[in-house]
2 protein chains.
Amino acid sequence: MIEDLKLFSRLAGMTAPTDPAPSAVKSRLLDLMVALGTAHWQDYAATAAQHGLTSVQARLLAQVTAPVPMRGLAEQLGCDASNVTGIVDRLQARGLVVRESDERDRRVKNVVATDEGLATIQRIRAEMQATHTALDALTEDERVTLYALLERLRPGLENRD
Amino acid sequence: MIEDLKLFSRLAGMTAPTDPAPSAVKSRLLDLMVALGTAHWQDYAATAAQHGLTSVQARLLAQVTAPVPMRGLAEQLGCDASNVTGIVDRLQARGLVVRESDERDRRVKNVVATDEGLATIQRIRAEMQATHTALDALTEDERVTLYALLERLRPGLENRD
DNA sequence: TATTGTTATACTCTATAACTATA
DNA sequence: TATAGTTATAGAGTATAACAATA
C-alpha cells in the first residue's frame, strides 16, 4: 500500500526528475488545501444548518462538553468576547447550552452543553456526509498515513500570533 | 522517508494490533480535519483581513482571473445570487474588480479582476503564514505523499448535492 | 485598577421575496 | 414565460467602544 502511494506520487507528476521548480509541490499543495478546506467547511456549515445552527454556533457547541467561561470561548472561536454573548444567547434560547455562575469568581459565567446540546453536536459530527464520503475513498492504511502527516501540520497551523 | 511514515503511524497508536475498533482511525481523522480546516480557514481570513478584505471577498477575487458572470460567482461561492451584488459592489468600489456587460446576452454582467485585484489575491496567497509554516514542517517527499492523498479526497468532498 | 460579561453601534454576509431588463 | 441582475428586508456574525459588577 505504501508502494501504491509511491505510484500515486509518480502519477501526480510531482516527482518527475525533470521538474525544475521544487516549490511547485508546495504551491500546488497550498491551492489544494484551500480548495479542500473550503469544501470541508461548506460541508460542516451545511450539516449544522440541517439542525438549524450556524457554523459558529456548532463550533461553540462542540467546545462546551465541559464548562468553559465566556472569555475562553471567545479565544477558542477567535472572535471578540462581545460576540459570544449573542451566540450563547441563541443556543441557550434553544435549550442546547446553559450558563452557570462560577462560585470562585462571581464575575465568570461558565457555559456547558445540555444533554440535547451534546446529542446535537454528535449528530452533526456523524452527518458530515461529504467528509465521510471523502474519507471512505481511502483504505485504512492510507488514512493512517494521512493522519500522521496532518498531525505534523498541526503545530504550524494552530500557532496563532 | 516512507519508513519514517510507517514509524509515525505506529507512534500515533493507530495501527496497534490490539485496536478493536477499525473506525477509530476515521473518527480521529475527521476530528483532525475539522481542527486543521478551522485553523487553515482562520489563517485565510486573517491574511485577507490584512488587505482589508473579508474571506468571502478574497474568495470571489480569486475566482475572477477570467471574466465570470454574477450568476456563476454565486454558484462558486455557494450563496444566493442576490449576495454577489453587494460583494462585487464593495470590491469594485476599491478598484479590485470591474463589471463588463456581455455582448451576446445583455442581461449578463461579467466580473473580472483589475491588475490591482490580481496582485492583491496573489499577495494573500503568498502571505498565509500559518499555512506556509505548516507545509515547511514537511519534507518535499512528504508533501508529495500528502498531495496524492488529498487529491483522492477531493471528489468526495467537492461533490455537492 | 484590572477583569468579566454585557450592551450599543455599525458593517458585512446570508436567504427570501419582489422588481427590471432582457431573452 | 423564463432568466440575469438588482433591491428591500430581516437575521446572524463581527469589531469597537462604553458600561456594571466583581476582583
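As the structure is a prediction and not an experimental result, all values here were calculated from the model. Every chain is numbered from 1, with letters handed out A, B, ... down the list of sequences. Keep in mind that the numbers below use all heavy atoms, side chains included, and drop hydrogens, waters and symmetry copies.
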Taking salt bridge (charged side-chain N to carboxylate O under 4.0 Å, His left out) as the cut-off, I'd like each qualifying pair that reaches into residues 48-77 of chain B, sequence neighbours left out, listed once. none
Any salt bridge (charged side-chain N to carboxylate O under 4.0 Å, His left out) pairs touching residues 29-41 of chain B, not counting sequence neighbours? A/Arg125-B/Asp31
What does B/Asp102 touch in the nucleic acid at a heavy-atom separation under 4.0 angstrom: a base, only the sugar-phosphate, or nothing? nothing
Where chain A begins and ends its contact with DNA chain D, read 5' to 3' at 4.0 Å from heavy atoms: D/dA12 to D/dA23
Base versus backbone protein contacts along nucleotides 5-14 of chain C [heavy-atom cut-off under 4.0 Å; B, S, -]: BBB----SSB
Which residues pass the side chain to side chain donor-acceptor pair (under 3.5 Å) test with A/Thr131, sequence neighbours left out? A/Asp43
Straight-line distance of A/Tyr44 OH to A/Met128 CE, nearest 0.5 Å: 7.0 Å
What residues, two or more places apart in sequence or in another chain, satisfy side chain to side chain donor-acceptor pair (under 3.5 Å) together with A/Gln63? none
Could you list all the salt bridge (charged side-chain N to carboxylate O under 4.0 Å, His left out) pairs where at least one residue sits in residues 104-114 of chain A, not counting sequence neighbours? A/Asp105-A/Arg107
Could I get the full list of salt bridge (charged side-chain N to carboxylate O under 4.0 Å, His left out) partners for B/Asp136, not counting sequence neighbours? A/Lys26
Pairs meeting criterion salt bridge (charged side-chain N to carboxylate O under 4.0 Å, His left out) with involvement of residues 78-93 of chain B, two or more places apart: B/Asp89-B/Arg99
